[in-house]
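Worksheet for the structure shown next.
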Amino acid sequence: MTGVEQTAGRAARTGPVLLGVRHHGPGSARAVRAALEEVRPRVVLIEGPPEADALIPLAADEEMRPPVALLAHAVDEPGHSAFWPLAGFSPEWIALRWALEHHVPARFIDLPATHTLAWGRQEDEAGTEGERRSPAETAPDGEAGPGPAGLRIDPLGVLADAAGYDDPERWWEDVVEHRGAGEGDALAPFTALEEAMGALRETCGSGGHDRDLVREAYMRLQVRAAQREFDDGVAVVCGAWHVPALRQKTTVAADRALLKGLPKVRTDMTWVPWTHRRLARTSGYGAGIDSPGWYGHLFSAPDRPVERWLTKVAGLLRAEDRIVSSAHVIEAVRLAETLAAMRGRPLPGLSETTDAVRAVMCEGSDVPLALIRDRLVVGDELGEVPPSAPAVPLQRDLTRLQRRLRLKPEALERELELDLRKENDAARSRLLHRLRLLGIAWGEPAASRGSTGTFRETWRLRWEPELSVRVAEAGVWGTTVLSAATAKAEADAVGAEGLAGVTGLAERCLLAELPDALPTVMRVLADRAALDTDVGHLAQALPALVRSLRYGDVRGTDTAALAEVAVGLAERVFVGLPPACAALGADAAEEMRGHVDAVHGAVALLGDAPAAGHGRLRGRWQSVLRVLSGRDTVPGVIRGRAVRLLLDDGQLAQDEAALLMGLVLSPGTPPADAAAWIEGFVGGGSGGGMLLVHDERLLGLVDAWLTGVPAEAFTDVLPLLRRTFSAYEPGVRRTLGELVRRGPGTGGGATAAGTATPGFAADFDTERADAVLPVVRLLLGLDDMDDNTEDNNLAGVTG
């Protein structure tokens with residue numbers, strides 16, 4: 001278009017050029033770009049918070065990569081925030097980039113965030129809204145408002161229904177996404193959409209949504225101001241729902257009256273990374289779309305979008321070890337085009353390509369389609385913002401640490417294995433633990449594979465956009481991750497309600513290596529431990545302290561003070577446990593059994609520490625277990641567990657254990673008490689099943705008692721017995737069944753009928769054992785050792 005034609009076109013138009021769009025619509029983005037190229041405005045006005053005007057130049061930075069979002073948060077309450085997300089295919093982003101590339105001013109004209117956040121705070125205080133939303137998040141496309149009866153309407157859904165479509169996404173694809181941009185009049189699609197939205201607004205009005213009326217009044221004032229400055233060279237990019245209201249003729253006084261008395265809150269704003277997953281409607285984002293990854297592909301594909309998309313799908317399936325060839329891609333393209341023709345669509349859409357993939361590449365299975373939807377249709381694209389973007393000092397320190405430790409934030413969840421004996425891995429662990437203390441859950445601990453040692457950690461990492469808000473919130477504690485975590489730990493220690501909470505915090509301080517916080521935590525811990533007389537609380541606190549000692553060892557931290565507190569806590573548990581176990585009900589006894597197990601494990605780890613007297617503490621604990629095992633006032637489940645723990649530690653002979661069991665299972669003991677004793681002795685997933693397998697005398701006692709339980713009492717003890725034995729592994733239960741069928745304690749490998757019982761015999765079957773030896777040697781690498789020995793011997797002879 002020549003300069004003369006542009007001047008003539010402008011002269012023919014009066015008033016601003018209103019480009020009504022669908023947020024995050026690639027078709028709208030292409031149409032906006034074509035319209036701006038044709039209109040060549042002198043200023044571009046965009047729906048968004050005007051506080052972000054100073055941040056617009058950053059959109060031209062080479063390190064800015066969408067998806068990104070404008071983040072506004074209250075200065076005095078960073079957790080009170082709102083987002084305005086933008087993808088690479090969002091019309092607003094395209095308008096920003098066009099203005100920057102053509103050196104045209106760009107401005108945001110939506111209601112200022114200072115009012116939006118204040119409104120959200122009022123709604124939170126009134127309990128009328130469960131989650132704060134920015135204006136762009138309130139409804140699909142930021143365009144919908146409640147209907148006449150107070151029900152929120154979906155404009156696209158209404159228009160799709162009027163066109164005979166049952167799926168708004170499919171209708172939008174047909175009329176917008178599959179329409180070539182720039183063909184004919186570039187403003188034609190906006191004119192048609194404005195007419196449709198005008199008809200909807202005439203029918204529904206604002207739907208009683210007062211906030212939309214206020215926002216639109218503010219936008220009209222900004223448009224008028226731009227017109228006074230730039231005459232008719234004004235282009236406005238906003239949600240199509242708002243276009244009829246911006247075209248409406250109102251007075252300045254009426255618009256200002258709507259804005260009078262709006263609440264305010266002091267606000268900061270910056271750019272933050274966003275993700276395609278958070279653009280998805282399933283994430284709860286009100287202006288979300290069903291398929292951000294698909295829309296991103298449609299926008300970026302220069303030609304043949306279907307062929308390129310199906311090639312992407314084939315690559316993903318091949319990476320997952322599925323057999324997909326070029327012939328599959330060709331056939332899938334043909335099928336997608338055929339389906340589109342049969343359904344009367346101009347081009348294959350997502351539904352056609354998905355059906356083609358299911359039939360051709362997935363052999364009719366929906367299982368691979370779930371992976372395709374997660375990785376491609378939705379996607380895990382994570383944007384980036386330049387370092388020059390405004391940020392709280394804590395965010396800058398976190399970014400510096402992420403770069404130094406080579407821990408790049410990613411939207412796709414991944415596992416990170418750390419070996420704490422390596423300096424870089426230990427530093428990564430400290431960072432992740434410190435962030436968890438600050439409530440920034442970038443990483444969550446996971447069970448380590450292949451090792452249970454304290455030198456190894458496994459983390460699941462995933463960066464979510466909301467973590468930027470958590471970082472801003474945590475900025476009140478300090479300007480660096482270390483100082484903020486230290487201050488937060490000290491405050492949490494002083495404000496902790498229970499002893500267990502303080503001991504858990506001490507453990508987390510050691511994991512995060514916060515030596516400056518430990519004195520405060522230890523002081524609070526000692527004070528709480530001295531005042532707390534509840535044995536259950538003390539027993540809950542002890543394991544966390546002992547774990548802290550182990551973690552301190554592997555990190556080289558001085559934990560002498562912690563060990564002294566742990567030993568003192570253990571001594572108080574030993575003194576108070578026997579009286580606390582007397583006359584407990586069934587539920588309380590089961591809970592106390594758990595405390596006994598926890599203390600036993602803690603003492604086993606703590607017993608060799610210098611502060612514990614190198615074994616003296618373990619001897620004291622074994623004395624307590626003997627007291628518990630022989631006291632009639634102690635519930636059976638605790639007595640049984642005490643006997644079992646002594647037996648496992650070698651402090652009780654097999655004959656003595658059998659004698660105690662025989663006394664408990666004698667006819668004079670109520671069946672319910674005997675069943676509880678058995679539960680404590682062999683239940684709780686503590687390897688009791690294998691104990692019965694290898695000690696047939698104990699199994700015989702249990703079997704004889706069980707067969708002698710009176711019929712009227714059997715139904716009472718059955719649930720407890722079922723719970724006890726159902727915890728065993730299937731192989732253990734099967735072996736016990738074979739032993740009981742054979743008759744435990746009878747010896748030999750034959751039943752009464754003289755037939756051999758599989759897996760049982762009087763002596764070892766050496767022939768079967770020899771068959772296993774080659775596999776065992778292979779697993780242990782003994783064959784390689786033998787080969788090396790022979791090679792060395794040969795070398796010695798030849799040398």
Side-chain angles (χ1 to χ4, degrees), residues 15-61 64 66-72 82-113 115-116 134-138 141-143 186-187 190 193-194 197 212 215-227 229-230 233-243 245-247 269-271 274 279 287 299:
V17 177
L18 301 183
L19 305 178
V21 301
R22 181 190 187 188
H23 298 306
H24 317 308
S28 286
R30 286 193 299 269
V32 163
R33 185 161 55 193
L36 293 177
E37 287 291 340
E38 178 176 311
V39 174
R40 296 284 175 164
R42 298 172 57 195
V43 64
V44 179
L45 306 182
I46 302 169
E47 181 183 332
E51 292 95 337
D53 284 352
L55 302 175
I56 289 177
L58 289 173
D61 194 295
M64 177 76 87
V68 292
L70 290 166
L71 164 64
F83 295 94
W84 284 260
L86 296 172
F89 50 84
S90 297
E92 298 88 346
W93 177 259
I94 296 303
L96 277 179
R97 293 287 301 176
W98 187 92
L100 291 169
E101 291 167 3
H102 293 81
H103 307 288
V104 172
R107 299 172 183 172
F108 289 111
I109 61 168
D110 202 350
L111 191 70
H115 302 307
T116 302
S134 67
E137 295 179 281
T138 54
D141 308 318
E143 302 161 356
L187 297 180
F190 300 105
L193 199 54
E194 180 178 346
M197 290 299 173
D212 265 0
R215 291 173 59 199
E216 290 160 354
Y218 187 87
M219 285 192 262
R220 283 193 295 267
L221 290 175
Q222 300 308 302
V223 172
R224 289 192 188 100
Q227 284 183 286
E229 184 177 354
F230 297 97
V234 178
V236 181
V237 179
C238 64
W241 178 257
H242 302 302
V243 170
L246 297 188
R247 191 76 72 184
M269 181 162 279
T270 186
W271 289 105
W274 202 254
L279 284 172
F299 185 74

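Being a predicted model, the structure only gives us computed values, none of them experimental.
Ring planes of W271 and W93: perpendicular class, angle over 60° (limits at 30 and 60°).
The closest side-chain heavy-atom distance from P49 to L70 is below 4.5 Å. V21 is listed as a side-chain neighbour of F190, based on a closest heavy-atom distance under 4.5 Å. The closest side-chain heavy-atom distance from Y218 to P112 is below 4.5 Å.
Closest heavy-atom contact between H24 and A87: ND1-N, 4.3 Å. Closest heavy-atom contact between P91 and V32: CB-CG2, 4.0 Å. Shown here for L36 and A95, the closest heavy-atom pair between the two residues is CD1-CA, 4.0 Å. When all heavy atoms of I94 and G88 are compared, the closest pair comes out as CD1-O, 3.6 Å. Pairing each heavy atom of A113 with each of M269, the nearest pair is CB-CE, 4.0 Å. The heavy-atom pair separating V223 from I109 by the smallest distance is CG2-CD1, 4.2 Å.
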Worked verdict on L86 versus L96 for side-chain contact (heavy atoms from CB on, under 4.5 Å): CA-CA 11 Å; L86 296 172; L96 277 179; 4.3 Å; yes
Stepwise side-chain contact (heavy atoms from CB on, under 4.5 Å) check, C238 with V243: CA-CA 7 Å; C238 64; V243 170; 3.9 Å; yes
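Distance CE/M219 to CG/L18: 11.0 Å, rounded to 0.5 Å. From T270, atom OG1 reaches atom CG of L58 across 7.5 Å, with rounding to the nearest 0.5 Å. Considering CD of E92 and CG of L19, their distance stands at 11.0 Å, rounded to 0.5 Å.
For W274 and F83, the ring centers sit closer than 6.0 Å to each other.
For the salt bridge (Lys or Arg N to Asp or Glu O under 4.0 Å) with E229, the qualifying choice from R107, R224, R42 is R107, the only one to do so. The side-chain hydrogen bond (donor to acceptor under 3.5 Å, both in side chains) test with D110 singles out one residue from Q222, H242, R215, and that residue is R215.
Every residue meeting the ring-ring contact (aromatic ring centres under 6.0 Å, His included) condition with W98, not counting sequence neighbours, appears here in chain and number order: H102.
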